[in-house]
Amino acid sequence: MAMAEKPDDPKGARPPAERRERGGWLSRIAPGVRKAFSKKADTPENLWVKCPDTGEMIYRPDLEAALWVTPAGRHMRIGAKLRLGYTFDEGQYETIATPPAADDPLHFSDGRPYGERLASARKATGANDVMSIGFGTIKGCKAVVLVQDFAFMGGSLGMAAGEGFVTAAREAIARGCPLVAFTAAGGARMQEGALSLMQMARTTLAINELKAAQLPYVVVLTDPTTGGVTASYAMLGDVHLAEPGALIGFAGPRVIEQTIRETLPPGFQRSEYLVEKGMVDRVVARSELPDVLGALLSMLMGGKRRAA
Amino acid sequence: MTAPRHYLDFERPIADLEAKIEELSRVSESASGGKSFDSELAALRKRVDVLRRDAYAKLDPWQKTQVARHPERPHFMDYVAGLIDEFVELRGDRKFGDDQAIVGGLGRFRGQAVVVMGHEKGWDTTTRLKHNFGMARPEGYRKAVRLMDLAEDFGLPVLTFVDTAGAYPGIGAEERGQAEAIARSTERGLMLGVPMISTVTGEGGSGGAIALAAANKVLILEHSIYSVISPEGAASILWRDGSRAKDAAEQMKITGPDLLKFGIVDRIVSEPPGGAHSDPATAIRSVGDAVAEELKALSDLSAEQLKKQRADRFYAIGKTGIA
């Protein structure tokens, strides 16, 4: 199971913290100068973003207006705030707190203690862990939306993520509305050992609570969704949507290549391939997601079983 | 006790001593003139027993990983042979094919009809290929779902035996929905209205393992491991160096006592002094006794109570035993 911690696409929408901190020639000749002139963390460091596919320089405000979809159609990875804003009507939503989970239950260290890694991921993203939850309306339809952020330790599924998922499902039940989950992860968080593996079962239980309450659960698979996340809540939706070109699979492409010693066919494990193979219902462009979600949710909530 | 033929690295002193014993006993047998080494042999045998007992009493997580993968360790087919009467294998997922990495069927466990299934790794080249080294494809998990459905329909308990390095990573497996198949198998176990007891008999590797272990009770053998990723896999991701698997094995807390503390497993089944492979019959009997006890404890629960117990069990993980 692939559990890469770092985005395989270094030109993602949010550069990792190490890259920002690394000094160039200026720092070498005049240490401190860079810091003195550096902008605040939340302002764009650069007005131009390089397209990962064509190398073309894209004017950042244009990219933002295009919801971080490049002219070549690449749906760049985005964080939870943007995602929730794009999904809910008028970008308005109520934030639902994710419950804390025990940090570093195994006292894990790979040279650098896991506790430190967590702390720096928190600092870099401003989030406590991978899951963010919002409540609002999508085209008038009430919904709880859960977003998994790849920028936080590769979106990895650990205890906090599992708790986040269970919380989102129960909030949806309490509010009598559907749950929409945007997935993105390299897989399980190995720094939490088998405790992370157990989240596959815990999230599955939560989905079945929704099922018992006859509430829809819609998954939107985003780039990338692999490993234990795919093998649990990402594949148990009533409806599966996917953003164009997202990598979706169980085993990561590198693991498969190493196992079978062949190069993989083009388009393998991409959203479009999963539609063809019967695992995803529809590939939906980011700009169309609210319309499609709104339509789906209102239809699923309008059935006779619910009215009874 | 017959000496196992396959020695692990840490068993080197044991192997050397056993070679000496064999040599001496050959000399002893062929010696004419009544010179016998019986007392020397007895002393040496005693020493080798002590050595083995000591070595197995303090195995580190990486050594346990090796024992868990020992080629002579009892496999699913051995547990079926030792514990299940009238076994009728049921094959195929009714959708695409039959995956022999997971074997299952109906049988009687100490008189009671059950559905039994588990990963089978194979025991020689031919059978290892047939069973794909215990690494299941989607059809294996879909067969598991089918068998759990059968158990539900006829009110039969489900016994599973987990022993896999993980689900098979291949093009065909991905094409046919490996992830979905695993997710559905985990879900089916969690939602069963009949008792389900899982025993990790060897390697409990990742999603491929939990797909058969979403049970009311999860047991683990003393020298088995249960992990989110293999120590080698973790080492290659963390340090880009698979040879640091020993460090990863220690860091990930993959052995019985830690798993028990976290509530990931409910019970550790003791193995014979030299490990399950040194005395398979005893090991299999111990597993049978433990499973029988757990099954008995669940026998009075209703379908709803069984589901609730299972949900409570998994929801509680991470809430206790974390220091």
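Since the structure is predicted, the reported quantities are computational estimates derived from the model, not experimental observations. All chains are named by letter (A, B, ...) in the order of the sequence lines, taking the proteins before the strands, and each is independently numbered beginning at 1.
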Peer 1: Measuring heavy-atom distances to chain B, does A:A201 have an atom under 4.5 Å in its side chain, in its backbone, in both, or in neither?
Peer 2: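 Both backbone and side chain.
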
Peer 1: Using the rule given for side-chain contact (heavy atoms from CB on, under 4.5 Å), can you reason through B:K319 versus A:M159, listing the C-alpha separation, both sets of side-chain angles and the distance that settles it, and then say yes or no?
Peer 2: CA-CA 10 Å; B:K319 307 281 186 195; A:M159 298 204 300; over 6 Å; no

Peer 1: Given a strict heavy-atom distance threshold of 4.5 Å, which part of A:A234 is in contact with chain B: side chain, backbone, both, or neither?
Peer 2: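 Neither; nothing under 4.5 Å.
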
Peer 1: With a 4.5 Å heavy-atom cut-off, do B:E187 and A:K211 have their side chains touching?
Peer 2: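 Of all side-chain heavy-atom pairs linking A:K211 with B:E187, at least one is under 4.5 Å.
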
Peer 1: Please determine, among A:T204, A:V166, A:L195, the option with the most heavy-atom pairs under 4.5 Å with chain B.
Peer 2: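 With the most close heavy-atom pairs to chain B, the winner is A:L195.
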
Peer 1: Can you measure from OH (B:Y315) to CD (A:E209) and round to the nearest 0.5 angstrom?
Peer 2: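 Taking OH in B:Y315 and CD in A:E209, the distance rounds to 3.5 Å.
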
Peer 1: In this structure, are over 12 heavy atoms from other groups packed under 6.0 Å from B:K308 atom NZ?
Peer 2: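 It does not: B:K308 NZ has 12 such atoms or fewer within range.
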
Peer 1: At a heavy-atom separation under 4.5 Å, does A:Y273 approach chain B through its side chain, its backbone, both, or neither?
Peer 2: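 Contact with chain B involves the side chain of A:Y273 alone.
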
Peer 1: Could you look at B:R176 and say if it's the side chain, the backbone, both or neither that has a heavy atom under 4.5 Å from chain A?
Peer 2: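 The backbone, not the side chain.
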
Peer 1: CD1 of B:I254 to CG of A:L197: how many Å apart, nearest 0.5 Å?
Peer 2: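 Reported value, rounded in 0.5 Å steps: 12.5 Å.
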
Peer 1: Out of curiosity, A:L274 CG to B:E174 CD, how far, rounded to the nearest 0.5 Å?
Peer 2: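 Answer rounded to 0.5 Å: 8.5 Å.
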
Peer 1: Counting only heavy atoms not in B:R240, do more than 12 fall under 6.0 Å of its CZ?
Peer 2: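 No - once you tally the heavy atoms of other residues, nucleotides and ligands closer than 6.0 Å, there are 12 at most.
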
Peer 1: Roughly how far, to the nearest 0.5 Å, is the CE atom of B:M252 from the CZ atom of A:F108?
Peer 2: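 Atom-to-atom, A:F108:CZ and B:M252:CE are 6.5 Å apart.
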
Peer 1: Given heavy-atom pairs under 4.5 angstrom as the criterion, report whether the side chain, backbone, both or neither of B:A234 touches chain A.
Peer 2: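 When you check distances to chain A, atoms from both the backbone and side chain of B:A234 fall under 4.5 Å.
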
Peer 1: Restricting to non-hydrogen atoms, name the atom on A:M235 and the atom on B:A183 that form the minimum distance, rounded to 0.1 Å.
Peer 2: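 Taking A:M235 first and B:A183 second, the nearest heavy atoms are CB-CB, 4.5 Å.
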
Peer 1: Please find the pair of heavy atoms, one from B:F314 and one from A:R202, that lie closest to each other, and give the distance.
Peer 2: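 Nearest heavy atoms, B:F314 then A:R202: O-NE, 2.9 Å.
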
Peer 1: Below 4.5 Å from any heavy atom of chain A, which atoms of B:Y141 appear? Answer side chain, backbone, both or neither.
Peer 2: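 No part of B:Y141 comes within 4.5 Å of chain A.
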
Peer 1: Side chain from CB out, backbone as N, CA, C, O: work out which of these in A:L106 comes under 4.5 Å of a heavy atom of chain B, or both, or neither.
Peer 2: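 For A:L106, backbone and side chain are both near chain B.
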
Peer 1: Out of B:K307, B:K253, B:R310, return the one with the most heavy atom pairs under 4.5 angstrom to chain A.
Peer 2: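 Most heavy-atom pairs under 4.5 Å with chain A: B:K253.
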
Peer 1: Specify which of A:E192, A:E163, A:Q199 makes the most heavy-atom pairs with chain B at under 4.5 Å.
Peer 2: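 The residue among A:E192, A:E163, A:Q199 with the greatest pair count is A:E163.
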
Peer 1: Might you point out which heavy atoms bring B:F262 and A:P105 nearest each other, and give the distance in Å?
Peer 2: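 Residues B:F262 and A:P105, closest heavy atoms: CZ-O, 4.0 Å.
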
Peer 1: Do A:D110 and B:Q251 have a side chain donor and acceptor closer than 3.5 Å?
Peer 2: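 No, because no side-chain N or O of A:D110 sits under 3.5 Å from a partner of the opposite role on B:Q251.
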
Peer 1: Closest heavy-atom contact between B:L238 and A:Q191?
Peer 2: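 Heavy atoms only, the tightest pair is CD2-NE2, 4.3 Å.
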
Peer 1: Could you tell me which non-hydrogen atom of B:I171 sits nearest to which non-hydrogen atom of A:P265, and how far apart they are?
Peer 2: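 It is CD1-CD, 3.9 Å.
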
Peer 1: At a heavy-atom distance under 4.5 Å, which candidate from A:G111, A:S232, A:A102, A:S109 has the highest pair count against chain B?
Peer 2: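 Option with the greatest count: A:S109.
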
Peer 1: What part of A:T230 gets closer than 4.5 Å to chain B, counting heavy atoms only: side chain, backbone, both or neither?
Peer 2: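 For A:T230, heavy atoms of backbone and side chain both lie under 4.5 Å from chain B.
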
Peer 1: In terms of heavy-atom pairs under 4.5 Å, which option from A:T259, A:L205, A:I248 contacts chain B the most?
Peer 2: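 Of the candidates given, the most pairs with chain B belong to A:L205.
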
Peer 1: Are A:M198 and B:I210 packed together at the side-chain level, in the sense that at least one heavy-atom pair is separated by less than 4.5 angstrom?
Peer 2: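 With C-beta onward as the side chain, the pair touches.
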
Peer 1: Are B:E175 and A:E276 close enough that some pair of their side-chain heavy atoms sits under 4.5 Å apart?
Peer 2: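 Result no, sub-4.5 Å side-chain heavy-atom pair not found.
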
